[in-house]
2 protein chains.
Amino acid sequence: MDKAKRERLEANGWKVGTVADFLELTPEESTLIEIKLALSRILRQRRQERMTQAELAEKIHSSQPRIAKAEGGDSSVSIELLVRAMLATGATPQDIGQVIAGAGGIISFQ
Amino acid sequence: MDKAKRERLEANGWKVGTVADFLELTPEESTLIEIKLALSRILRQRRQERMTQAELAEKIHSSQPRIAKAEGGDSSVSIELLVRAMLATGATPQDIGQVIAGAGGIISFQ
DNA sequence: ACAAATTATATCATATTTGATATATGCGCT
DNA sequence: AGCGCATATATCAAATATGATATAATTTGT
């Protein structure tokens with residue numbers, strides 16, 4: 001995990017600090033985070049291609065600020081909301097499955 | 001959606017009654033339910049092959065009753081918990097993605 | 001540069017999800 | 001039948017996620 005990525009995680013409220021701190025996360029915990037972040041990234045991409053945050057929010061009876069947090073990878077956003085938002089962009093279960101399958105990549109140290 | 005399935009959904013607290021009631025769910029809402037139920041089913045399968053509910057619960061700092069609800073497709077269980085449990089059975093993001101991709105099938109009427 | 005639209009951040013009361021606990025039910029085995 | 005173990009169901013206080021609101025910052029178009 002490079003510096004930029006770690007800082008992005010910290011800025012979004014994830015309990016990730018030094019590399020030592022990071023190692024306190026089990027592989028399962030970090031995979032869960034990777035899945036959420038992967039969904040965030042693709043959500044933003046898909047949403048931008050079709051509508052504003054406010055429009056998406058209305059579709060799922062949420063609010064624009066919540067969509068901003070979802071796309072920003074904020075730790076207060078559940079997979080639940082991310083999936084609801086993905087579906088509202090017209091994503092199929094296949095689309096969502098593919099995003100999750102592609103998450104949780106390789107973490108390298110030296 | 002056949003009768004047995006509807007009754008199973010109702011028994012687990014889903015707001016699904018008559019076919020008319022069902023139709024009040026948007027396609028997105030029912031897809032979300034299908035995704036959760038697909039995860040439940042595979043979770044039970046994977047868990048049974050490797051450990052007891054109590055053992056899985058301990059791995060994710062949860063409780064045996066909560067795992068029972070997760071496997072039973074209870075509506076009080078979030079995708080979050082389902083995914084955490086899947087990961088604790090050793091499932092990879094690929095495994096999880098595949099389950100989700102396969103969810104939300106065809107609903108037929110006549 | 002300006003205005004309008006869009007997105008981000010902060011706060012908060014409410015709703016939902018959570019793990020814990022107690023207890024019931026089932027299930028294989030002797 | 002009775003025992004041990006696994007799973008299911010019920011209840012609940014605490015934690016977390018939620019949508020709403022206000023407002024700040026940013027982007028976009030002119």
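Residue numbers begin at 1 in each chain, while the letters A, B, ... track the order of the sequences. Computed from a predicted model, the values in this text were never measured in an experiment.
Rounded to an integer number of Å, the gap from B:E55 CD to D:dT7 C1' is 13 Å. Protein atom CD1 of B:I67 is 12 Å distant from nucleotide atom C1' of C:dT18, rounded to whole Å. Across the protein-nucleic acid pair, B:R47 atom CZ and D:dA6 atom P stand 10 Å apart, rounded to whole Å. Between the CE atom of B:M51 and the C1' atom of D:dC5 there is a distance of 18 Å, given to the nearest Å. Taking atom CG of A:L56 as the reference point, atom C1' of C:dT6 lies 14 Å away to the nearest angstrom. Atom CD in A:Q48 sits about 13 Å away from atom P in C:dT6, given to the nearest Å.
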Going 5' to 3' through nucleotides 11-30 of chain D and flagging B where a protein heavy-atom sits under 4.0 Å of the base, S where only the sugar-phosphate is that close, and - otherwise, we get ------SBBBBB--------
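Between B:R44 and D:dA8 there is a side-chain N or O to OP1 or OP2 distance below 4.0 Å.
In plain terms, the two heavy atoms of A:I79 and A:K36 that are nearest each other are CG1-CG, 3.7 Å. Closest approach of A:A70 to A:L82, counting heavy atoms only: O-CD2, 3.6 Å. Between A:L87 and B:L32, the closest heavy-atom pair is CD1-N, 4.0 Å.
For the side-chain contact (heavy atoms from CB on, under 4.5 Å) criterion with A:E71, the lone passing option out of A:R47, A:R46, A:R41, A:Q45 is A:R47.
In the model, A:R84 has no side-chain atom that pairs as donor or acceptor with a side-chain atom of A:S78 under 3.5 Å.
B:R44 contributes atom CZ, which lies 12.0 Å from atom CD1 of B:I42 (distance to the nearest 0.5 angstrom).
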